[in-house]
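So the structure is just underneath, and the comments pick up after that.
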Amino acid sequence: MADEAKAKGNAAFSAGRFEEAAGHFGAAIALAPDNHVLYSNRSAAYASLGRFTDALADAERTVALRPDWAKGYSRLGAARLGLADAAGAVEAYEKGLALDPSNAALRDALAQARPRARGGDAIGKVFQGPDLWTKIAADPATRAFLDQPDFTRMLREVQRNPAALNTYLSDPRMVQVLSLLLNIRMQNQSSNEAPESAPSPSPSQSTPPPPPSPKQQPEDKPREPEPEPVEMTDEEKERKEKKAAAQKEKEAGNAAYKKKDFETAIQHYTKAMELDDEDISYLTNRAAVYLEMGQYDECIKDCDVAVERGRELRADFKMISRALTRKGTALAKLAKSSKDYDVAIETFQKALTEHRNPDTLKRLNDAERAKKELEQQEYYDPKIADEEREKGNEFFKQQKYPEAVKHYTEALRRNPKDPKVYSNRAACYTKLGAMPEGLKDAEKCIELDPAFSKGYTRKGAIQFFMKEYDKAMETYQEGLKHDPSNQELLDGVKRCIQQINKANRGELTPEELKERQGKAMQDPEIQNILTDPVMRQVLIDLQENPRSSQEHLKNPGVKQKIQKLVNAGIVQMK
């Protein structure tokens, strides 16, 4: 973000918009306060505006941050020259050259500063006065010069470098201004008021200058030159006044918005837009009000105009992103079907390409989730779901399990709340050896209908097949709580007990035991038991002093955990 502001400042500086450039560099400094280049750039912008006090402060900050950077001393010298401190400028330039002896710009600047430091620019110093622009504007003979861009450029150049005065003395306007500053009334050849025979006064014949008025008395220290309003055209003045008025309207609109006085807020934002059409924040703010009022179509119109105008003005990416986000929000509010969400989602995605904002990302996720939910609702059809389930059953009987899965999946899309379809698809996955998918379907079946016995038999069978006999037995026992006489569940318990007892009797081959223990060690529940300090002590007692460990087994919780370890093959009881 600091680089982006810096780039804007550089572009404005290159175009001669020094005030704007200083603003951008200031924004960059707020984001990167220790970047010496940013202070250097802003110092150059202030110097170009004649604000040498500010330029000096930034130059000094540049040198403080990077004392080994020659360019910083160049900025420091320029600022000191602008404040008529030629000796200080020489000192700065010499320090810069000590760091970079081959720097041509520093050598040239030093060559220009030295004569001034020796007092060789006495006449040029009259252009350094704090009221230079005011004097020129106050005199009828010179006032019009300030409306001429080529003359103001010459004048600024002489301010920066008094030695340049000799270059411009061939221009009668510069001679006229010099005579004004030296209080010498020179003959105006074009004036009808002076007699044609009147000779031009020589310097010795000129009237002595009057003593300076109190306002013209030199001050103890140089006063910072203020930006002169006379440099602006009438059109520029009017534009500046309108911008200031527009900001006041915006502030009034913000205050009304906070009070929920939406109609008043809209009036203020609209007035601000009429005064200044180069700030899209008035549009985005009004769009926010329309959004709050539920006038979504009006909100969308304002956002579209803001985006279009913002691109024309090369507005900040954040502002364009904000407009797109508000448009996307309005579109989502208007959505009646899943298809309606497509344009809202696309708008949020465009907003994120302009600026990645967490709020925009959240709104995008919400829109995508709402679209998915609506799609499910629109697709819901229990009748078609039953037809697809029957088709799946036919393929299952024919042992065409992939085809059966396809139809069961379509049935669930049509009716995602049918536990029987999850049970049937779990059976298919078991036949295909896709145990994790089958286990997930069996668990979903139980979640939808905890009293449905088939869900437990499916889940238990998968766990048994995965050789997780202790878990399978728990599943079968849980199913028997709902259906105590279910033969499949009862048979499942017997099979699990047989396998667990087989391990306890040591009838497993070393390979089988190793495989079983390996699976158990991957179980988070088993891991928690083995890392529990109390259970570790119990296991040590069971191994070293079986008789004294009987006290531990009186605790139901400890006994249950020991049984889990036994069932998993981790502990063997003899």
Side-chain angles (χ1 to χ4, degrees), residues 6 9-10 13-14 16 18 21-22 25-26 28-29 32-130 132 153-169 178 181 218-225:
K6 176 187 172 186
N10 291 342
F13 189 94
S14 299
F18 303 119
F25 292 138
I29 287 170
D34 295 325
N35 188 322
H36 64 284
V37 175
L38 298 175
Y39 288 97
S40 172
N41 287 6
R42 191 170 68 173
S43 178
Y46 282 147
S48 299
L49 291 166
R51 294 169 56 180
F52 295 108
T53 300
D54 292 335
L56 179 63
D58 276 356
E60 288 174 341
R61 180 63 176 158
T62 303
V63 172
L65 288 170
R66 185 75 184 276
D68 60 343
W69 192 46
K71 189 63 170 285
Y73 294 96
S74 175
R75 300 297 191 210
L76 187 60
R80 286 175 175 174
L81 267 182
L83 293 171
D85 180 11
V90 169
E91 179 186 359
Y93 291 139
E94 287 177 343
K95 287 183 178 179
L97 281 170
L99 293 169
D100 185 6
S102 63
N103 192 307
L106 279 169
R107 283 202 305 269
D108 293 343
L110 180 60
Q112 294 176 1
R114 275 176 174 161
R116 293 181 59 179
R118 293 194 295 265
D121 56 346
I123 295 179
K125 283 183 179 180
V126 299
F127 290 86
Q128 303 298 317
L132 168 68
R153 280 197 297 270
M154 286 192 294
L155 197 58
R156 288 190 186 281
E157 177 61 22
V158 174
Q159 277 190 302
R160 286 194 292 268
N161 179 18
L165 176 62
N166 293 330
T167 307
Y168 300 123
L169 283 178
L178 180 60
L181 298 177
E219 299 179 1
D220 294 335
K221 59 181 180 179
R223 187 158 52 88
E224 177 186 344

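From a predicted model like this one, the values you see are computed outputs, not experimental measurements. Residues: numbered from 1 along the sequence shown.
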How far does CG of Leu56 sit from OH of Tyr46, to the nearest 0.5 angstrom?
-> 13.0 Å
Got a second to check how far Asn41's CG is from Ile29's CD1, nearest 0.5 Å?
-> 8.5 Å
Please output the side-chain donor-acceptor pairs of residues 66-73 that fall under 3.5 Å, not counting sequence neighbours, one pair per line with the distance.
| from | atom 1 | to | atom 2 | distance (Å) |
| --- | --- | --- | --- | --- |
| Arg66 | NE | Asp68 | OD1 | 2.7 |
| Arg66 | NH1 | His36 | NE2 | 3.3 |
| Tyr73 | OH | Pro67 | O | 3.0 |

Which heavy atom in Ala47 sits nearest to a heavy atom in Ala55, and how many Å separate them?
-> N-CB, 3.8 Å
Could you pull out the closest heavy-atom pair between Ala89 and Leu81, with the gap in Å?
-> CB-CG, 3.5 Å
Candidate pair Asp100 and Ser102, rule side chain to side chain donor-acceptor pair (under 3.5 Å), full reasoning = CA-CA 6 Å; Asp100 185 6; Ser102 63; 3.1 Å; yes
Heavy atoms of Ala21 and Ala45 approach each other most closely as CB-CB, 4.4 Å
Contact summary for Pro101 and Arg107, nearest pair of heavy atoms | O-NH1, 3.2 Å
Sub-4.5 Å side-chain heavy-atom contact between Asn35 and Lys6 = no
Scan residues 36-50 for pairs that pass salt bridge (charged side-chain N to carboxylate O under 4.0 Å, His left out), counting only residues two or more places apart or in two chains.
-> Arg42-Asp58
Do Lys95 and Val63 pass the side-chain contact (heavy atoms from CB on, under 4.5 Å) test, and can you show the C-alpha distance, the side-chain angles, and the key distance before you say yes or no?
-> CA-CA 11 Å; Lys95 287 183 178 179; Val63 172; over 6 Å; no
Verify, without hydrogens or angle tests, whether Arg80 (side chain) and Gly88 (backbone) share a donor-acceptor contact under 3.5 angstrom.
-> yes
OG of Ser74 to CG of Leu110, rounded to nearest 0.5 Å, is 11.0 Å
Residues at least two apart in sequence or cross-chain that pass side-chain contact (heavy atoms from CB on, under 4.5 Å) with Phe18, listed by chain then number, are Phe13, Ser48, Leu49
If you look at every heavy atom in Arg61 and Pro33, which pair is closest and at what distance?
-> NH2-O, 4.0 Å
